[in-house]
Amino acid sequence: QVQLVESGGGLVQAGGSLRLSCAASGSIFSVNDMGWYRQAPGNQRELVARIGRSGTLYYLDSVKGRFTISRTSAENTVYLQMNSLKPEDTAVFYCNADIVDHATMTLKTYWGQGTQVTVST
């Protein structure tokens with residue numbers, strides 16, 4: 001069973017930093033795109049950053065220059081380094097990955113369990 005396990009959330013002051021990690025495990029054939037979404041109360045879930053297997057990058061405009069997404073292929077892990085955090089960044093962050101597993105050899109989308117990021121004033 002393929003799963004994504006997230007870690008690294010927490011409570012920080014405005015201007016502080018956090019690094020989120022998400023590791024994919026299971027009978028994985030390949031991991032394609034990986035990314036991070038966030039959802040605050042009353043808001044829709046939004047894509048924060050995404051990194052393709054080839055290294056193609058996407059960032060939400062409001063996080064450009066502050067957040068950095070990276071990945072390690074060997075460990076099937078994606079990171080989100082978040083600097084200069086703002087209160088409006090407060091949300092549950094969800095890891096996302098497009099993965100081909102050995103059982104089906106079919107590309108499927110998987111989600112992490114979510115990790116709370118809270119930025120105080």
Work out which heavy atom in [X] is nearest to a heavy atom in [Y]; give both atom names and the distance.
| X | Y | value |
| --- | --- | --- |
| L47 | L60 | O-CB, 3.6 Å |
| A97 | V31 | CB-CG1, 4.4 Å |
| E6 | W36 | OE1-CZ3, 3.7 Å |
| L4 | C22 | CB-SG, 3.7 Å |
| A91 | R38 | CB-CB, 3.8 Å |
| G112 | Y94 | O-CD2, 3.8 Å |

Under a 3.5 Å cutoff, is there a donor and acceptor pairing between the side chains of [X] and [Y]?
| X | Y | answer |
| --- | --- | --- |
| T115 | Q113 | no |
| N83 | S17 | yes |
| N76 | R71 | no |

Any donor and acceptor pair, going by atom type alone, linking the side chain of [X] with main-chain N or O of [Y] inside 3.5 Å?
| X | Y | answer |
| --- | --- | --- |
| T56 | S54 | no |
| T90 | V119 | yes |
| D89 | K86 | yes |
| R50 | Y58 | no |
| H102 | I28 | yes |

In Å, rounded to the nearest 0.5 Å, how long is the span from [atom1] of [X] to [atom2] of [Y]?
| X | Y | atom1 | atom2 | result |
| --- | --- | --- | --- | --- |
| K108 | N32 | NZ | CG | 14.0 Å |
| S70 | M34 | OG | CE | 10.5 Å |
| D101 | L107 | CG | CG | 10.0 Å |
| Q3 | S25 | CD | OG | 4.0 Å |

Exercise. Looking at L20, L18, T68, which one forms a side chain to side chain contact (heavy atoms under 4.5 Å, CB included) with L80?
Worked result: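 That would be L20; it is the only one of L20, L18, T68 passing the side chain to side chain contact (heavy atoms under 4.5 Å, CB included) with L80.
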Exercise. Do Y37 and E46 come close enough that some side-chain heavy atom pair is under 4.5 Å?
Worked result: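 No, too far: nothing below the 4.5 Å cut-off.
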Exercise. Side chains of R53 and S30: closer than 4.5 Å at any heavy-atom pair?
Worked result: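 In short, these two side chains touch, coming nearer than 4.5 Å.
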Is there a path from [X] to [Y] through hydrophobic residues (I, L, V, M, F, W, Y) whose side chains come within less than 4.5 Å of each other?
| X | Y | answer |
| --- | --- | --- |
| W111 | V100 | no |
| Y110 | I69 | yes |
| L85 | Y79 | no |

For this session: Any chance you could lay out the side-chain hydrogen bond (donor to acceptor under 3.5 Å, both in side chains) test for D98 and T109, step after step, and finish with the verdict?
Result: CA-CA 5 Å; D98 296 327; T109 299; 2.9 Å; yes
Problem set entry | Heavy atoms from other residues, nucleotides or ligands near CD of E88 exceed 12 (cutoff 6.0 Å) |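 For E88, atom CD is crowded (more than 12 foreign heavy atoms under 6.0 Å).
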Exercise. When the ring planes of F93 and F67 are compared, do they come out parallel, tilted or perpendicular, using 30° and 60° as the limits?
Worked result: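 Rings of F93 and F67: tilted, 30 to 60°.
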